[in-house]
**Q** 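Please find one structure pasted underneath; my questions will follow.
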Amino acid sequence: MKRRVWGTAAVVVAAVTGVVVFQGVQGDGGGKNGANAPLVTGPVRTTVHTAAVKGQGDRAEVPEHDTAAFSLVGLSWTKPSVQIPGTVQVRARNARTGAWGSWITLDTGGHGAAAEESRRGATEPAWVGPSDGVQARVDGRGTPLPAGMRLEMVDPGAGWAAAGTEPAAYAVTDEDPTSTPGDATSTPSDTATATDAPTDAPTTPAPSPSTPSASDPAPTDTATSAPSATPTASATATLPPAPVSNAPEPTIVTRAQWGADESMNDEAPDYGTEVKAVFVHHTVDANDYSCADSAAMVRAIRTYHIQSNGWKDIGYNFLVDKCGTIFEGRKGGVDRPVIGAHNPGFNTNTVGISVLGEYTSIDASDAAKAAVARLAAWKLGQYHYDPASKVDLTAGLDNGKFKLGQTASFYRISGHRDGYSTECPGDKLYASLPGIRILAAGPVSGLVLKPFGQAGVVGSTAYTKGPLTVNWAITSPAALVSRYEVLVDGKVAKTATPTATSASLTLAAGSHTVAVRAVHVSGRTAVTPDATVVADATVPSFTTNPSIALRTGTVDTAAVPVTLGWKATDSAALKEVRLTSPSAHTYGPTVYSAALTAKSGAATTWSMTAYDQAGNTAASSVAATPVVLQETSATRTGTWTTKSSSSYLGGKSYSSSSKNASLTWKFTGRSVAWVVSRASTSGQAYVYVDGTKTATVDLKSTTTKFRDALWTKTWTTSAAHTIKIVVVGTSGRPAVTTDALVYVK
């Protein structure tokens, strides 16, 4: 027992011997009904119901009426050499909702009437989904209609066991299922005349199709089913060879897997000698189908081609749905040059691929086009033909566009319209054929390098410690890729599989060029532009280790203003320097200092880490303790007055207007700051460092300031120092108010 499951990611066939997963089958592309298709447990019996199309002259119709279940409908007539010059329109009643659908215009210009195998003329069929009612109208636009017109309504069936039992919903209740459909109401003739009208048609002119006459008898359904499930003997054809292709064979849903009832036709397939070209078609069906219904659509089309056109089998060699699923068409072996019935005059040594749907005003999906390209590359690759090249083909019959024996040049991948007078495969899909040729022939399209994902990038240069992950992307199907090659300095350093999107390798120290080359199954290559990658395993260095110095600013015991200084460099490219303690900050590669604060009397460690672009790191730190020396700890000379305020450090300060009054502090440290109070009447003071006059500091300020570190001095190392403040006695503003001395130890 086989089980066929349709899903949104893969198609699985399970048997007693194992499970085969069909890769690349995508979701239903937004169509109706997300449910899986019915299980196929064996051949599926399909049923054809016919309804006579009655009329007179150039007008005919089928009034609204109930029918047995069907999902595909078309119109056929007696003589395949005759075509309907006007329009054929049908509409169906939804079996689930009871609502009538919109009118659908059937394609009368397809290959049906002129195919070599045709026993009847026919329009292209239309998929309408499960229906139980039909209406039709035919307008010959002044030309008499052909004889023997009838609607062909195909029920694609459901799974049935090999023993022949069928689900009740699909039971055949009409006439002998083995009978051949006849022309129920028309007399045969090559062209329609007054005598070609249905024998029971009224003698007066036919009414408008939209207003059927009550005098017309209601159309009668005639059911025609597939023959018994027991196949009859068939001729044995000599199989031509199946060459190995230079492109991989795509996953193909076999006839058994989509439920072909092989008892419907027992004729042996015909073969050519090779495959010279591929013709792309569309089935002119609705586009809103669910991909879960694709197998049923294929069964219905095959039944229509056999029962309505009179062909030996489905006309196409392959069919593709909008989700990119490929279905085997005409029997005879997917890897053989089977002659189809898809392009009159050019069926031999060509392959017909039809995309389910109608693509005149909208394009086929990317998944469908990719599947066509993969299939064409494989079939042409069996005979080593370049899918982008051209070929001369000779018409095997007069098909209305080419005369018998006429030779014409075709692309190896062409549209149906290139060989026959038809709009197939629709304007949009036809316009996409150049892109399909590129997909099939190569090179790989859309190849780009993606970010390396390493530690850093500066401009167009990436940096790594040595290990490197190269990432890329393409727009071509992966199935058309033979392999990827990662190039380092122009040489292959790593190869990757067709489905890979990245590769890892290790670079030697230094600067390198890195690129990716994609090799198409045809052998054509595409290469990304070179990227520069520097392999750097050397850690950065602190050429100036972190240090702490006091800076000017307002002093609080919990926040003494300090400057953290450093300098880091790298042999390749420094990325940043991070302060990790006591707070977190990140600085650029050219920043060498930062204004911070520290708590007085507390030992603090400033920890820093330098990062280069490759991700190498180096750490360094400095420990320091800011100490506040109150003015009371200084040695005084001259007259100093104590001032009290909560605005002063410790609540007090010293003030003096006496010339040469002084305060002297001694400490051991590496940075010092004099803290003062300032106002518009503040005077000046001399600063002596270790006995040498170093600066004259003016305390005057337009605004009043407290705890202001006005003067600072820093040394490279910690040592014992003496700071002496001497009042200048500035004329008119002699007062100097000192609050403290702060140093770092």
**Q** List the atom of Val53, the atom of Leu151, and the distance in Å for their closest heavy-atom pair.
**A** CG2-N, 3.7 Å

**Q** Tell me, yes or no, whether the heavy-atom count around Lys428 atom NZ, taken from other residues, nucleotides or ligands under 6.0 Å, exceeds 12.
**A**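 Count not over threshold, so no.
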
**Q** Can you confirm whether or not the ring centre of His342 sits under 6.0 Å from the ring centre of His416?
**A**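 No: the rings miss the under 6.0 Å criterion.
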
**Q** First locate atom CG of Leu106, then atom CD1 of Ile84, and finally report the distance between them rounded to the nearest 0.5 Å.
**A** 9.0 Å

**Q** Looking at every non-hydrogen atom in both residues, tell me the closest pair between Phe346 and Gly419 and how far apart they are.
**A** CE1-O, 3.5 Å

**Q** Taking the six-membered ring of Tyr316 as reference, does the cationic atom of Arg330 (NZ for Lys, CZ for Arg) lie under 6.0 Å from its centre and within 45° of its axis?
**A**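 No, Arg330 does not lie over the aromatic ring of Tyr316.
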
**Q** Let me see the working for Asp270 and Lys312 under salt bridge (Lys or Arg N to Asp or Glu O under 4.0 Å), right down to the final yes or no.
**A** CA-CA 10 Å; Asp270 295 320; Lys312 65 170 61 179; 2.7 Å; yes

**Q** Is the backbone of Gly98 close enough, under 3.5 Å, to the side chain of Arg93 for a donor and an acceptor to pair up by distance?
**A** no

**Q** Measure the OH-CD distance between Tyr304 and Glu124 for me, rounded to the nearest 0.5 Å.
**A** 7.5 Å

**Q** Just checking, any donor-acceptor pair under 3.5 angstrom between side chains of Trp311 and Ser118?
**A**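 The answer is yes; a qualifying pair exists.
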
**Q** Using every non-hydrogen atom in the two residues, find where Leu439 and Ala373 come nearest and quote the distance to one decimal.
**A** CB-CB, 3.5 Å

**Q** Side chains of Arg120 and Ser76: donor-acceptor distance under 3.5 Å anywhere?
**A**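 Note: Arg120 and Ser76 side chains meet the donor-acceptor criterion.
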
**Q** Is there a side-chain contact between Ile326 and Thr251 (heavy atoms, below 4.5 Å)?
**A**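 Side chain of Ile326 against side chain of Thr251, heavy atoms only: no contact under 4.5 Å found.
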
**Q** Would you sort out whether Arg299 and Asp155 count as a salt bridge (Lys or Arg N to Asp or Glu O under 4.0 Å), showing the intermediate values?
**A** CA-CA 9 Å; Arg299 291 197 300 271; Asp155 176 357; over 6 Å; no

**Q** Specify the closest pair of heavy atoms between Lys369 and Ala364, including all atoms of both residues, with the distance to one decimal.
**A**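 Minimum heavy-atom separation between Lys369 and Ala364: CE-O, 3.4 Å.
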
**Q** Please find the pair of heavy atoms, one from Ile252 and one from Gln257, that lie closest to each other, and give the distance.
**A**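 Smallest heavy-atom distance, with atoms named: O-OE1, 3.9 Å.
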
**Q** Between Met153 and Thr50, is there a side-chain heavy-atom distance shorter than 4.5 Å?
**A** no

**Q** Please confirm whether the backbone N or O of Ser365 pairs with a side-chain atom of Tyr359, one donor and one acceptor, at under 3.5 Å?
**A**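 Pair absent, no side-chain N/O of Tyr359 close to backbone of Ser365.
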
**Q** Do Arg302 side-chain atoms and Asp261 backbone N/O form a donor-acceptor pair below 3.5 Å?
**A** yes

**Q** Looking at CG of Leu319 and OG of Ser354, how far apart are the two atoms once the value is rounded to the nearest 0.5 Å?
**A**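 Those atoms lie 5.5 Å apart.
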
**Q** Answer yes or no for Arg336 and Tyr271: cation-pi contact, defined as NZ/CZ to six-membered ring centre under 6.0 Å and angle to ring axis within 45°.
**A** no

**Q** Look at the side chain of Asp418 and the backbone N and O of Gly415, then say whether any donor-acceptor pair between them is shorter than 3.5 Å.
**A** yes

**Q** Start with the C-alpha gap between Leu429 and Val280, add the side-chain angles, then the distance that decides, and say whether side-chain contact (heavy atoms from CB on, under 4.5 Å) holds.
**A** CA-CA 9 Å; Leu429 181 52; Val280 178; 4.0 Å; yes

**Q** Within the distance-only criterion (no hydrogens, no angle test), does the side chain of Arg412 pair as donor or acceptor with the backbone N or O of Ala277 below 3.5 angstrom?
**A**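 No; judged by distance alone, with no hydrogens or angles, the pair does not exist.
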
**Q** Check whether any side-chain heavy atom of Leu397 lies under 4.5 Å from a side-chain heavy atom of Pro344, and answer yes or no.
**A** yes

**Q** Whether the Asp321 and Tyr289 side chains hold a donor-acceptor pair (N or O, under 3.5 Å, no angle test) is what I'd like checked.
**A** no

**Q** Test salt bridge (Lys or Arg N to Asp or Glu O under 4.0 Å) on Arg59 and Glu61; report intermediate values, then the result.
**A** CA-CA 7 Å; Arg59 304 291 290 275; Glu61 69 167 343; over 6 Å; no

**Q** Tell me whether Asp58 contacts the main-chain N or O of Gly140 through its side chain, where contact means a donor paired with an acceptor under 3.5 Å.
**A** no

**Q** Between Trp127 and Pro156, is any pair of side-chain heavy atoms under 4.5 Å apart?
**A**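 A side-chain contact exists here, since the closest heavy-atom pair is under 4.5 Å.
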
**Q** Run Phe327 and Arg255 through side-chain contact (heavy atoms from CB on, under 4.5 Å) and show every step you take.
**A** CA-CA 7 Å; Phe327 296 86; Arg255 290 165 66 90; over 6 Å; no

**Q** I'd like to know if the side chain of Glu152 reaches the main chain of Val154, judged simply by a donor and an acceptor atom lying under 3.5 Å from each other, with no hydrogens or angles considered.
**A** no

**Q** Taking the ring centre of each residue, are Phe279 and Phe410 less than 6.0 Å apart?
**A**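 That pair passes the under 6.0 Å test.
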
**Q** Would you indicate whether the side-chain heavy atoms of Arg96 and Pro130 approach each other to under 4.5 Å?
**A**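 With C-beta onward as the side chain, the pair touches.
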
**Q** Could you tell me if Thr87 and Thr105 have a donor-acceptor pair between their side chains, going purely by distance under 3.5 Å?
**A**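 No pair is found: no donor N or O on one side chain lies under 3.5 Å from an acceptor on the other.
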
**Q** Under 6.0 Å between ring centres: does that hold for Phe402 and Tyr420?
**A** no

**Q** Between Asn399 and Lys401, is there a donor-acceptor pair closer than 3.5 Å when you use the side chain of the first and the backbone of the second?
**A** yes

**Q** Apply salt bridge (Lys or Arg N to Asp or Glu O under 4.0 Å) to the pair Asp288 and Lys322, showing each step before the final yes or no.
**A** CA-CA 10 Å; Asp288 61 348; Lys322 63 185 178 183; over 6 Å; no

**Q** With heavy-atom distances below 4.5 Å as the criterion, would you say the side chains of Thr350 and Val278 are in contact?
**A** no

**Q** Measuring from atom CG of Asn317 to atom CG of Leu375, what distance do you get when rounded to the nearest 0.5 angstrom?
**A** 9.0 Å

**Q** Could you grab the distance from atom CH2 of Trp77 to atom OG1 of Thr123, nearest 0.5 Å is fine?
**A**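 OG1 of Thr123 is found 6.0 Å from CH2 of Trp77.
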
**Q** Kindly indicate, with the supporting measurements, whether the criterion side-chain contact (heavy atoms from CB on, under 4.5 Å) is fulfilled by Leu356 and Ser294.
**A** CA-CA 8 Å; Leu356 298 179; Ser294 299; 4.0 Å; yes

**Q** Can a donor-acceptor pair be found, under 3.5 Å and without considering hydrogens, that links the side chain of Lys331 to the backbone of Asn265?
**A** yes

**Q** Would you say the side-chain atoms of Thr78 pair up with the backbone N or O of Ala147, donor to acceptor, closer than 3.5 Å?
**A** yes

**Q** In Å, rounded to the nearest 0.5 Å, how long is the span from CG of Asp132 to NE2 of His65?
**A** 11.0 Å

**Q** Can you name the closest pair of heavy atoms from Ile104 and Ala126 and give their distance?
**A**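 Between these two residues, the closest heavy atoms are CG2-CB, 4.1 Å.
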
**Q** Show the numbers, then the answer: is there a side-chain contact (heavy atoms from CB on, under 4.5 Å) between Val90 and Leu75?
**A** CA-CA 9 Å; Val90 297; Leu75 178 79; over 6 Å; no

